[in-house]
Peer 1: 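Take this structure first; my questions come after.
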Amino acid sequence: MGVAVAQTPTPPPKDASAARSAQEAAGELAQTVATRKPRAELSRFLVANAQKAAKARDWARAIPLYGALVVARGPASPEAKQLATLWTLAGQNERAAEAWGTYASAVSDVKERDAALAEATRLAGFADPFVDKLALVPLAAEAKQAFTAGRKAFAAKEYGDALVYFTIGYTLAPELPGFLRELGSTYDKLGATEPKREFYRRYLVQRPFGANADVVRVELAKDKDVLGTLLVSSSLPCTEMWVNRQRLSGKVPDKGIVVAPGSYKGLCFNPKFEMALFEYATVEAGKPAAMTFRWAIIENKLDRPLGRIALENPKSPGLMIDLGITATEIGVAAPADGRKLKMILKDDSGVRTEERMVQIEPGQRLVVKW
């Protein structure tokens with residue numbers, strides 16, 4: 001595929017901590033709060049199904065089940081290592097790198113830590129936007145079982161147990177209606193106002209779309225200027241648009257999306273033009289931030305003789321990217337600074353070669369001929 005020009009991402013914002021998941025935010029308190037029942041007992045009902053799914057290589061079910069076990073048993077547990085392994089086996093390198101990094105930061109054994117860090121580093125260098133994103137299966141039955149146990153613990157004023165159960169349920173089925181309110185009530189009973197707000201903020205960063213996101217927006221909007229706005233646009237249509245791993249369906253509102261402060265990573269994907277373009281935005285409270293996908297289409301009309309095109313990568317000056325021959329129309333990123341890019345044309349025999357400087361404008365269709 002001739003996509004490398006558009007595929008090369010802009011470096012992410014330095015504030016990487018802002019991108020931590022809502023699961024981590026909820027898990028932090030759930031992993032430290034005192035519980036009446038032993039944590040292994042609180043999560044025992046998940047073990048058989050988790051092991052069965054892992055053995056069957058059913059990553060879409062095994063991963064949320066092990067994620068829920070980690071909520072109860074901690075980021076340094078054998079289950080945490082198994083979770084990182086499952087992400088790796090599923091071919092989800094970005095998520096696997098994060099999981100190995102989390103495990104490395106929690107485990108006390110130096111040898112284990114070093115091995116996990118090495119694996120995190122290795123996987124972080126091999127992210128591929130064209131690898132199918134693993135769609136985790138919402139495990140509603142197990143989640144409802146956890147919520148039922150959580151409600152029982154809450155009624156008995158065993159709020160630590162309730163928090164663990166509710167967080168397990170959230171991990172298994174984050175879009176299940178009602179869990180946010182129960183989690184919020186449990187935070188309140190524990191006197192954990194700030195952890196509650198931080199969980200809501202991180203939840204909204206991780207899942208900016210959907211019904212539960214609207215519930216969180218209402219909760220956070222009770223305080224003035226705690227939310228921001230993400231303005232998303234593209235110079236040409238994206239077949240798929242993703243923000244923080246969540247697919248955006250429907251038209252993006254002209255006024256933008258109300259979101260929590262934090263770091264956002266977007267992907268504009270158009271397979272027809274073999275184009276995958278990453279962009280980043282950092283949203284601050286009370287302010288708008290733009291995530292703009294600037295790209296154009298290059299049409300290869302080199303014939304008599306047939307030729308191919310290499311274009312300078314706008315995000316890595318001097319690096320030439322071969323646009324390939326699998327399609328005559330290729331999506332490419334447009335330089336944010338408007339500068340001209342080097343283009344090299346070669347025929348198949350290597351006899352004819354031309355070098356040009358071309359202007360790539362957002363939304364442009366550039367037809368290339370001899």
Side-chain angles (χ1 to χ4, degrees), residues 19-33 35 37 39-54 58-87 90 92 95-96 98-99 102-103 106 134-151 153-154 160-184 186-187 195-196 198-207 210-213 215-216 244-246:
R20 288 192 300 170
S21 71
Q23 182 177 328
E24 288 180 67
E28 286 167 3
L29 184 58
Q31 288 164 0
T32 58
V33 70
T35 59
K37 291 181 181 178
R39 289 173 172 274
E41 184 179 341
L42 292 173
S43 55
R44 186 173 293 133
F45 73 101
L46 301 170
V47 173
N49 286 346
Q51 293 175 344
K52 180 180 178 181
D58 186 353
W59 316 130
R61 286 179 169 79
I63 286 172
L65 284 164
Y66 272 94
L69 284 168
V70 173
V71 166
R73 302 184 181 195
S77 62
E79 290 77 14
K81 183 176 182 179
Q82 178 67 2
L83 176 62
T85 302
L86 292 171
W87 279 118
Q92 307 295 300
R95 300 301 298 270
E98 292 174 2
T102 300
Y103 175 67
L134 179 66
L136 300 182
V137 175
L139 301 175
E142 291 90 341
K144 289 176 180 177
Q145 187 176 349
F147 289 139
T148 298
R151 293 184 191 106
F154 188 94
D161 295 42
L163 182 65
V164 173
Y165 279 128
F166 288 145
T167 307
I168 284 173
Y170 155 64
T171 305
L172 294 169
E175 301 299 341
L176 201 65
F179 84 86
L180 280 170
R181 292 185 178 89
E182 292 178 286
L183 261 173
T186 308
Y187 276 115
K196 172 186 172 181
E198 180 63 5
F199 166 68
Y200 280 157
R201 186 192 71 80
R202 291 196 216 168
Y203 177 89
L204 195 55
V205 169
Q206 186 186 19
R207 311 187 74 83
N212 279 325
V215 172
V216 171
N244 283 9
R245 303 194 187 102
Q246 195 174 18

Peer 1: Are side-chain heavy atoms of P195 and E28 found at a separation under 4.5 Å?
Peer 2: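 They are not in contact (no side-chain heavy atoms under 4.5 Å apart), so the answer is no.
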Peer 1: Atom OH in Y66, atom OG1 in T85: separation rounded to 0.5 Å?
Peer 2: 10.0 Å
Peer 1: Is L65 close to Q51 at the side-chain level, that is, under 4.5 Å between some pair of heavy atoms?
Peer 2: no
Peer 1: Listing request: all salt bridge (charged side-chain N to carboxylate O under 4.0 Å, His left out) pairs with a residue in residues 66-79, at least two apart in sequence or in separate chains.
Peer 2: R73-E79
Peer 1: Of the non-hydrogen atoms in V71 and T167, which two are nearest, and what is the gap between them?
Peer 2: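 Answer, listing the atom of V71 first, then T167: CG1-CG2, 3.6 Å.
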Peer 1: Less than 4.5 Å apart, side chain to side chain, heavy atoms only: is that true for Y165 and K37?
Peer 2: yes
Peer 1: Kindly say whether the aromatic ring centers of F199 and Y170 come within a distance under 6.0 Å.
Peer 2: yes
Peer 1: Could you walk me through whether F147 and F166 pass the side-chain contact (heavy atoms from CB on, under 4.5 Å) test, one step at a time?
Peer 2: CA-CA 6 Å; F147 289 139; F166 288 145; 3.5 Å; yes
Peer 1: Are any of the side-chain heavy atoms of R207 and P174 separated by less than 4.5 Å?
Peer 2: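 Yes, at least one pair of side-chain atoms sits under 4.5 Å.
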Peer 1: So L172 and L46, do their side chains get closer than 4.5 Å, heavy atoms only?
Peer 2: yes
Peer 1: Look up atom CZ in F45 and atom CD in Q145, then write down how far apart they are to the nearest 0.5 Å.
Peer 2: 5.0 Å
Peer 1: If you round to the nearest 0.5 Å, how far is OG1 of T171 from CG of L136?
Peer 2: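 So the CG of L136 and the OG1 of T171 are separated by 11.0 Å.
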Peer 1: So which heavy atom on A135 is nearest to which on A60, and how close?
Peer 2: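 Closest approach of A135 to A60, heavy atoms only: O-CB, 3.4 Å.
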Peer 1: For I168 and A68, work out which heavy atoms get closest and say how close.
Peer 2: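 Looking at all heavy atoms of both residues, the closest pair is CG1-O, 3.6 Å.
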Peer 1: Any side-chain heavy-atom pair from K52 and R61 closer than 4.5 angstrom?
Peer 2: no
Peer 1: Looking only at heavy atoms, what is the nearest atom pair of A106 and A76, with distance?
Peer 2: O-CB, 3.6 Å
Peer 1: Apply salt bridge (Lys or Arg N to Asp or Glu O under 4.0 Å) to E142 and list each qualifying residue two or more places apart in sequence or on a separate chain.
Peer 2: none
Peer 1: Got a second to check how far N212's CG is from F179's CZ, nearest 0.5 Å?
Peer 2: 5.0 Å
Peer 1: Distance from Q246 atom CD to Q206 atom CD, nearest 0.5 Å?
Peer 2: 8.5 Å
Peer 1: Any donor and acceptor pair, going by atom type alone, linking the side chain of D161 with main-chain N or O of L42 inside 3.5 Å?
Peer 2: no
Peer 1: What's the shortest heavy-atom distance between L69 and A50, and which atoms?
Peer 2: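 That would be CD1-CB, 3.9 Å.
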Peer 1: Using 0.5 Å steps for rounding, measure from the CZ atom of R95 to the CD1 atom of I63.
Peer 2: 8.0 Å
Peer 1: Is it the case that over 12 heavy atoms from other parts of the model lie below 6.0 angstrom from the CZ atom of R245?
Peer 2: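 Buried by this count: over 12 neighbours within 6.0 Å.
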Peer 1: What heavy-atom pair brings A162 and A153 nearest, and what distance separates the two atoms?
Peer 2: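 Taking A162 first and A153 second, the nearest heavy atoms are N-CB, 3.8 Å.
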Peer 1: In chain order, what residues pass the ring-ring contact (aromatic ring centres under 6.0 Å, His included) check against Y103, with sequence neighbours excluded?
Peer 2: none
